[in-house]
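Shown next, in structure tokens, is the structure this report addresses.
Sequence positions, counted from 1, serve as the residue numbers for this chain.
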Amino acid sequence: MSSTLLRTVPALRGALRASGAAKPAAALASTSFVRGKATLPDLSYDYGALEPHISGKIMELHHKKHHQTYVTGLNSALETIAEAESKGDFTKAASVAPLLNFHGGGHLNHTLFWENLAPASRDGGGEPSGVLKTAINEDFGSFDTFRKQMNTALAGIQGSGWAWLVKDKQSGTLGLVTRANQDPVSGPYTPLLGIDAWEHAYYLQYENRKVEYFEAIWNVINWKTVASRFEKA
């Protein structure tokens, strides 16, 4: 098997374990790539629950269409790899690595993203508290500084991608990273909070005013979920 595929699969598996995303982890847990299938996760809120900050139409399309595409693509890639491996065709298996990374990352990133969000009436918005707030103040200076740096990172993404608040696994410090397309956060970092900068996340409502979307989404961030990831990382 090629070094590209060998790097891609462990990275996705490691990121899934760090996120606590049990369903997709089952799909990637076996080196034979045949243990279960990824499924579209349910949302814990209605599509319209994040309005006016994110429209119900965007949420429905984003979840039912875009995320489902990543789930379907991931399962297809896993099946192709399993079939190729069974025939000893490792060249064919390796050729699917980019699709595995793209669709597997898309599934992982969006699974975390939905959990990042909550209606304002149910833990959405405001600022973090407790140990997470202390860590943000220590590593960024203040929550306001962190938010501005995150928005700057999002605005600086060329094309499609994500910005993430991450925790360094060794030092325990917080930082910001960006990833192109659907590349997942892996390696030395645990993803805590990701914001989707793809056009499908905002264009129907904000058109080319993506900066307004980056500002609005802070009103529906679920800091309890982010804090839980931080404390478990």
Side chain to side chain, [X] and [Y], heavy atoms closer than 4.5 Å:
X	Y	answer
Ile54	Val220	yes
Asp168	Tyr189	yes
Glu115	Arg229	yes
Trp223	Asp123	no
Leu174	Leu192	yes
Lys169	Pro188	no
Phe140	Leu165	yes
Leu193	Trp164	no

Quick one: [atom1] on [X] to [atom2] on [Y], what's the gap to the nearest 0.5 Å?
X	Y	atom1	atom2	value
Thr178	Met150	OG1	CE	10.0 Å
Ile195	Trp162	CD1	CH2	9.5 Å
Arg179	Asn109	CZ	CG	10.0 Å
Lys57	Leu61	NZ	CG	5.0 Å
His200	Ser160	NE2	OG	7.5 Å
Ile221	Glu127	CD1	CD	13.0 Å

Donor-acceptor under 3.5 Å ([X] side chain, [Y] main chain):
X	Y	result
Gln182	His103	no
Asn222	Gly124	no
Asp196	Ala201	no
Ser228	Lys224	no
Thr134	Gly130	yes
Asp46	Gly48	no
Lys167	Thr190	no

Have a look at Trp114 and tell me which of His63, His62, His67 forms a side chain to side chain donor-acceptor pair (under 3.5 Å) with it.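 When side chain to side chain donor-acceptor pair (under 3.5 Å) is applied between Trp114 and each of His63, His62, His67, only His67 qualifies.
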
Decide yes or no on side-chain contact (heavy atoms from CB on, under 4.5 Å) for Val71 and Gln68, but give the supporting numbers first. CA-CA 5 Å; Val71 170; Gln68 182 61 59; 3.9 Å; yes

Shortest non-hydrogen contact from [X] to [Y]?
X	Y	value
Phe143	Gly126	CZ-O, 4.1 Å
Ala216	Tyr206	CB-OH, 3.2 Å
Ile157	Ala197	CD1-CB, 3.9 Å
Ser95	Lys92	OG-O, 2.6 Å
Ile136	Ser142	CG2-O, 4.0 Å
Pro128	Leu132	CB-CD2, 3.7 Å

Starting from the C-alpha separation in whole Å, work towards a yes-or-no answer on side-chain contact (heavy atoms from CB on, under 4.5 Å) for Lys64 and Tyr47. CA-CA 10 Å; Lys64 291 176 66 174; Tyr47 288 133; 2.8 Å; yes

For Glu83 and Leu78, what are the C-alpha separation, side-chain angles and deciding distance, and is it a side-chain contact (heavy atoms from CB on, under 4.5 Å)? CA-CA 9 Å; Glu83 182 180 358; Leu78 292 169; over 6 Å; no

Charged N to carboxylate O below 4.0 Å: is that the case for Lys37 and Glu79?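 Counted as a salt bridge, because a side-chain N and a carboxylate O are separated by less than 4.0 Å.
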
Indicate the ring-plane relationship of His110 and Phe113, choosing parallel, tilted or perpendicular according to the 30° and 60° boundaries.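 Perpendicular.
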
With Asn101, which of Leu74, Asp183, Asn181 fulfils side-chain contact (heavy atoms from CB on, under 4.5 Å)?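 Among Leu74, Asp183, Asn181, the one meeting side-chain contact (heavy atoms from CB on, under 4.5 Å) with Asn101 is Asp183.
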
Sort out for me which residue in Val96, Asp89, Leu99 forms a side-chain contact (heavy atoms from CB on, under 4.5 Å) with Ile81.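 Of all the options given, the one that passes is Val96.
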
What I want to check is whether the side chains of Trp218 and Asn151 have a donor and an acceptor closer together than 3.5 Å.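 There is such a pair between these side chains.
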
Distance only, no hydrogens: is a donor on one side chain within 3.5 Å (strictly under) of an acceptor on the other, for Thr69 and Thr72?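 Note: Thr69 and Thr72 side chains miss the donor-acceptor criterion.
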
Hydrophobic cluster membership, Phe146 vs Val211, 4.5 Å side-chain cutoff: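 Different clusters.
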
Pair Tyr70 and Phe102, ring centroids less than 6.0 Å apart: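 When the ring centroids of Tyr70 and Phe102 are compared, they turn out to be within the sub-6.0 Å range.
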
Flag if over 12 foreign heavy atoms under 6.0 Å of NZ, Lys133: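 It does not: Lys133 NZ has 12 such atoms or fewer within range.
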
Mind checking what makes salt bridge (charged side-chain N to carboxylate O under 4.0 Å, His left out) contact with Arg147, not counting sequence neighbours?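 Arg147 satisfies salt bridge (charged side-chain N to carboxylate O under 4.0 Å, His left out) with Asp144 only.
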
List the steps and the verdict of side-chain contact (heavy atoms from CB on, under 4.5 Å) for Ile217 and His53. CA-CA 6 Å; Ile217 199 170; His53 310 293; over 6 Å; no

